[in-house]
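Atom set for the values below is all heavy atoms of this structure, side chains included, hydrogens, waters and symmetry mates excluded.
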Amino acid sequence: MEQKQVPGLSRDALQASGVSVELGEFPERVLQIGEGNFMRGFIDWMLYRMNQRGCFHGRSVAIQPTPRGKVVPKLNRQDGLFTLVQRGLEKGEAIERVERIDVISRGINPYENWQEVLQVAESRDIRFVFSNTTEAGLQWSEERYDPLTAPLSYPGKLVALLYHRFLHFSGAADAGWIVLPCELVEKNGEVLQELCERAAKRWGLPAAFFTWMKEACVFCNTLVDRIVTGYPHGEENVWEDRLGYRDELLTVSEPYHLFVIEGPEGLAEDLPFQQADLRVYFDRIDAYRERKVKLLNAPHTLLASVAYLAGANTVREAVDDPKLRAYLQRAMQEEIKESLAPEVQAVADAYIEDVLQRFSNPYLQHRLLDISLNGLSKLVTRVLPSMHAYQKATGALPQALVFGLVASFFFYRVARMEGESLYGVREDGTEYEIRDQAEHVHAIGELWKQARENSTTASLALAVESYLGMAGIWGEDLNEVADLTAQATRYAEEIAKHGIRQALRNLR
């Protein structure tokens with residue numbers, strides 16, 4: 001039987017099937033650094049919704065954030081089009097919404113086409129910058145400034161683009177950008193601004209530019225909340241039949257969304273999210289952030305190591321597993337909850353119930369390996385603050401969080417290299433790619449190599465101590481945390497001897 005040929009998603013393919021698509025209707029008003037699942041299923045969807053309501057009239061240029069990105073060629077093959085499927089429960093009812101998002105005008109690889117990105121910075125229409133480069137993107141990187149080459153870091157790219165814009169518009173006060181980073185870093189706007197100022201100073205850029213960046217540009221703190229699982233692997237044929245085309249960037253998310261922005265007065269008019277009935281609040285972030293980062297993002301990060309090594313592949317598989325669910329509930333209800341501010345703790349039980357329901361969404365396949373991307377920086381921002389706060393409040397260490405920290409050490413155990421890619425192997429023999437900053441993964445791999453060569457309990461204990469002492473990752477020497485080294489070593493010995501599922505049974 002001859003296999004049915006399905007055209008790839010593009011403007012021409014849609015027009016051939018009788019669907020009119022006007023891609024040049026709105027000007028490019030947004031520069032987005034990041035083109036991954038979350039940006040497409042959150043920011044781009046919101047821009048699309050505002051366009052649908054007739055209150056924004058703008059499109060976005062998507063910039064690839066790292067040299068290893070693979071999305072931009074797909075975006076350009078599809079004329080910036082992709083399909084978003086929202087699946088989940090709303091008010092107890094199962095819903096599914098399918099929308100074809102047409103807000104991205106083009107994607108650019110800055111490492112190959114930096115001049116094209118600089119031309120974007122020359123556009124008077126571009127006013128907003130959104131980003132999602134993960135927590136690892138908002139870190140300092142020593143690099144030199146070359147106006148002809150894209151900096152590797154996100155802050156570096158942003159400074160280079162702002163400086164080019166500053167020169168192009170002769171320092172005009174109304175040419176500044178409104179920058180809204182969506183990375184899950186506390187006070188992300190302030191952090192990004194400080195990194196940009198540090199880069200401008202490091203590169204010796206003029207004082208006039210430094211002043212312009214501070215006065216003409218706005219860096220907003222933000223908080224984002226939506227589970228976007230990305231491509232629905234295994235459902236390709238079903239969706240091709242339903243849609244009538246093949247979409248390489250088909251993206252799945254939950255219906256729930258929340259966006260909180262701390263910005264200047266009038267920003268709600270500049271970005272009329274609320275006119276499109278989107279759950280966007282221009283408000284102070286602190287309480288929203290503590291609840292979300294500690295009770296949703298931190299559990300995700302813990303599961304990425306613990307549950308994946310224990311054999312689960314998705315968040316739903318993890319919460320459906322009695323042992324892993326019990327671990328998760330202990331971490332959330334007995335440990336993280338105790339570390340929260342009083343006003344957040346008061347609403348924690350209801351929020352935990354909502355989170356567990358979202359994790360159990362039968363319509364999402366949220367892959368733990370996707371969550372594991374840049375997991376070390378996620379541990380720093382999502383898990384370690386709760387560990388410290390719990391110990392301060394109770395005088396003891398939170399055992400489930402300590403166990404998760406130790407599980408990460410095993411997750412980063414490198415089994416083999418292939419080119420620049422590094423791979424681990426879990427207990428069932430499944431091989432997986434470790435996607436994090438290469439220097440950190442190589443350093444952890446060296447610890448494991450030494451432990452394997454010596455093959456003694458003492459060598460494992462030394463490796464654990466060295467892991468906890470990697471201040472370049474943690475921002476501190478974790479061996480200085482009272483009793484952490486001893487407890488982490490005990491859990492590491494149990495995982496090494498019995499496997500992670502058996503070790504969970506011995507959790508204190």
For [X], check ring pair (Phe, Tyr, Trp, His ring centres under 6.0 Å) against everything at least two apart and list the hits.
X: H257; answer: W45
X: Y491; answer: F403
X: Y432; answer: Y308, F411
X: Y145; answer: W203

Presence of salt bridge, [Y] and [X], under 4.0 angstrom:
X: E90; Y: R97; result: yes
X: R501; Y: D321; result: yes
X: E35; Y: R40; result: no

How would you list, by chain and number, every residue that makes a side-chain contact (heavy atoms from CB on, under 4.5 Å) with [X], sequence neighbours excluded?
X: E96; result: V85, R87, V98, W239, R242
X: T314; result: R316, E317, Q365
X: A287; result: V344
X: E431; result: R416, Y423, V425

Quick one: sort the F259 and F273 rings into parallel, tilted or perpendicular, breaks at 30° and 60°. perpendicular
Among residues two or more places apart or on two chains, list those pairs meeting ring-ring contact (aromatic ring centres under 6.0 Å, His included) that have a residue in residues 366-399. H300-H366
Tested for side chain to side chain contact (heavy atoms under 4.5 Å, CB included) against Y351, the lone hit among V347, V355, D349 is V355
Taking only residues at least two apart or on different chains, which pairs with a member in residues 181-192 satisfy side chain to side chain donor-acceptor pair (under 3.5 Å)? S131-E183, T133-E183, N188-T222, E190-N221
Contact list for residues 467-490, test salt bridge (Lys or Arg N to Asp or Glu O under 4.0 Å), sequence neighbours left out: R490-E494
Run the side-chain donor-acceptor check on residues 466-475: report pairs under 3.5 Å with partners two or more places apart or on a different chain.
from, atom 1, to, atom 2, distance (Å)
S466, OG, L462, O, 2.9
Y467, OH, S408, OG, 2.7
W474, NE1, Y467, O, 2.8

